Undergrad: 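My questions will all concern the structure given below.
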Amino acid sequence: MIELQSVRKEYKGGIVALDGVDLKLLEGELVVLRGVSGSGKSSILSLIAGLSKPTTGEVIVDKKRISKLADHFSTLYRRENIGFIFQKYNLIPTLSVQENILLPLVPQNLPKKELESRLQRELINFNIESKRDVMVRNLSGGEQQRCAIARANINNPKIILADEPTANLDEKLSLEFIKLIKEMKSQSRTIVIATHDPLFFDLACVDRVITVKNGKLL
Amino acid sequence: MTKGFNFYLLEYTFKHIIRNGFKNLFLTVVMTLLVALLASTFFLSNALKLEYTKKIQNTPDIIITDTKAMRETLIDENLVSDLLSINGVSLALPRVYGAYYFSKADTIFKVIGVDEFETYPDKSLNALLLKNTLDENSMLVSKSVAKILKENYYDSYFNFVNADGTLKKVIIDKTFESKNSFREEYLIVMPKCTAKEIFSYPSSMVTDIAVMVANGEEIGFIAKKIETLLPNAKVNIKEDLLVEYENRINFKSGFFLTIFIISFFTYFVIIYDKISGLSSEEKREVGILKAIGWRVSDILNAKLYEGLIISLSAYVIGIIIAFIYVYILGAPLLKSIFLNAISLLDDCELLFRVDYETLALLFFLSVPLYIAATIIPSWSVATHEADEVMR
Ligand SMILES: Nc1ncnc2c1ncn2[C@@H]1O[C@H](COP(=O)(O)OP(=O)(O)OP(=O)(O)O)[C@@H](O)[C@H]1O
Ligand SMILES: [Mg+2]
């Protein structure tokens, strides 16, 4: 389903974030990428999401060469396939919960009814219906995260990518997040979580834990 | 996938403008004021030009006066026959007119002397004379003059004090509308001989000689001929007057220049601020939008709407303000600044005319430029890897 072939990622200034990464993920698999800060976890997620392109090597998703797509098409690919839960949530603080969740749908010009039903589904799924009209910057950390997940989910993506999802959460909220992940897995989505939170390392639902170190997979 | 106009995008844009409320409001207000200021100036100068053009339409092609010791003086009406002998001159008309000061009412009347069977360059004067015949020692007065005379107990006649101190009784024959195209409210029309008596002109002398030329393109040529024929005369050409006025109204005055420099400087500061880049918050927002599946074109469309909404509303409101200020309120302040430079047009009303050039000029300066300045920085951010933008 997702394949990285001898990927090398070099940033401006000659920083090598990834070097010779080969990775194959199956459909419906839940994979955890572990590693210390700066090891290259986020870089892998960015490549899978088409947010950046490998310096050399290939990223292939569903037989499509993501790494070769022009900007316009990689955006469409992302819109149709990827739900990204960002490290810092990347919500727009001055918009309401509802507006943030619906933001990915704005360019798609869907009928109002469709928007409303999808929104309702996500609000209930992630238990933030009561905060629907609250501005995001007034939410607690856990609420912000649920909002971010709801936004990632609004397009029914086949692939969910989560970057340090529990970094800003206490243990109770972290466990709640794991519950949500399990639910998404049960809908046979492919899920990749980048984290150094030990909580994820021996969960029953996790199919594989892959260690990233200095831009290489161990 | 996209069908028809995307109102969600427009809605997002509106919210975005409101979220950045203060800055956008400030920009809109400043732009509005700039448009209003420049439009008012243009409207006013064009209205004055129009006014002047109208005024000059009724002016003869060439006006000749005599000069003595560098000053314009009366001219001998017998020169008319010499003038008529010049090829191309279709009319040479000795004119008698002048200002009469009525001290009791502290008012200046304009007195014009006419002769029967004369045609005048001034169309409305001709029309007036066609309707009325004038006897010696009688006059036609405008309603404003009649009113003032009545207030001073002159119901049917008026005693002029002649320039030589003697009295002259003139009968009021008829009155005519004060609001006339002579643009002279206090106008009196009487036979030439009566007028000459009031101003105490020597018998063959007149105020000036008006010359009409059959072919408009020959005016300059004929004026030169007259100058050689009458070396003492001062020859005024209609075009010269027009050019002189245009130069004065046009962009030569320092006031104009100051307004332009201030406006353009302010405007370019705004544009420069827009173009020089997005705030880190705005950059992040662009990155987020891209990361969650907005195409570059979606982001640029939103920016296009943003620029359009702000600049177009500034433009429309600015133009409306200028319209009201100039044509309805009569451009107080600004008009007095102008009229100081052009004291001859002291009492003119501002004629309304849709001034397409000004509208278009200001539109192209404000709307497309502002939109471009809104789009360009977002475009440069949006075309970078979304990954980098959010870091
Ligand atoms: N846009 C960028 N420009 C320059 N250097 C970058 C960029 N993105 C990442 N890097 C560098 O690449 C390396 C890998 O970064 P990456 O974010 O993938 O690590 P990470 O494992 O996610 O770390 P963390 O746990 O801190 O999030 C780091 O040294 C980082 O500084
Ligand atoms: Mg990271």
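Because the structure is predicted, anything quoted here is derived from the model rather than measured. The analysis underlying the following values was restricted to heavy atoms, covering all of them including side chains, and did not include hydrogens, waters or symmetry mates. Chain letters run A, B, ... following the sequence lines, proteins first, then strands; residues in each count from 1.
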Undergrad: Does A/Pro93 reach the side chain of B/Arg284, with side-chain heavy atoms less than 4.5 Å apart?
TA: yes

Undergrad: Heavy-atom count check: over 12 atoms from other residues, nucleotides or ligands less than 6.0 Å from B/Glu281 CD?
TA: no

Undergrad: Nearest 0.5 Å, what's the CD-CG distance between B/Glu285 and A/Asn90?
TA: 11.0 Å

Undergrad: Nearest 0.5 angstrom please: A/Ile92 CD1 to B/Ile288 CD1, how far?
TA: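 Separation between the atoms: 5.0 Å.
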
Undergrad: Could you tell me if the side chain of A/Asp71 sits less than 4.5 Å from the side chain of B/Val296, heavy atoms only?
TA: yes

Undergrad: Which heavy atom of B/Gly293 sits nearest to which heavy atom of A/Pro107, and what is that distance?
TA: O-CG, 4.4 Å

Undergrad: Give a yes or no answer on whether the side chain of B/Asn6 reaches the backbone of A/Val106 with a donor-acceptor pair at less than 3.5 Å.
TA: yes

Undergrad: Do you know which of A/Ile154, A/Leu91, A/Thr75, A/Asn155 has the most heavy-atom pairs under 4.5 Å to chain B?
TA: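 With the most close heavy-atom pairs to chain B, the winner is A/Thr75.
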
Undergrad: Looking just at side-chain N and O atoms, do A/Thr94 and B/Arg19 make a donor-acceptor pair shorter than 3.5 Å?
TA: yes

Undergrad: Show the nearest heavy-atom pair for residues B/Ile292 and A/Pro104, with the distance to one decimal.
TA: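 Closest heavy-atom pair between B/Ile292 and A/Pro104: O-CB, 3.5 Å.
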
Undergrad: Answer with side chain, backbone, both or neither: which region of A/Ile82 has an atom nearer than 4.5 Å to a non-hydrogen atom of chain B?
TA: neither

Undergrad: Side chains of A/Gln108 and B/Trp294, heavy atoms from C-beta outward: is any pair under 4.5 Å?
TA: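 A/Gln108 does not reach B/Trp294 side chain to side chain.
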
Undergrad: Output yes when a side-chain donor or acceptor of A/Arg78 lies under 3.5 Å from a complementary backbone atom of B/Lys290, and no otherwise.
TA: yes

Undergrad: Could you tell me whether the side chain of B/Tyr8 and the main chain of A/Leu110 form a donor-acceptor pair under 3.5 Å?
TA: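 Answer holds: yes.
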
Undergrad: Got a sec: does the CG of A/Asp62 have more than 12 other heavy atoms crowding it under 6.0 Å?
TA: yes

Undergrad: Who pairs with B/Phe264 by ring-ring contact (aromatic ring centres under 6.0 Å, His included), at least two apart in sequence or on another chain?
TA: none

Undergrad: For B/Leu289, which atoms come within 4.5 Å of any heavy atom of chain A: side chain, backbone, both, or neither?
TA: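 B/Leu289 touches chain A through side-chain heavy atoms alone.
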
Undergrad: Do the side chain of B/Tyr12 and the main chain of A/Glu99 share a donor and acceptor less than 3.5 angstrom apart?
TA: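 No, B/Tyr12 side chain to A/Glu99 backbone: no donor-acceptor pair under 3.5 Å.
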
Undergrad: Examine whether an atom of A/Gln87 lies under 4.5 Å from a heavy atom of chain B, and if so say whether it belongs to the side chain, the backbone or both; otherwise answer neither.
TA: neither

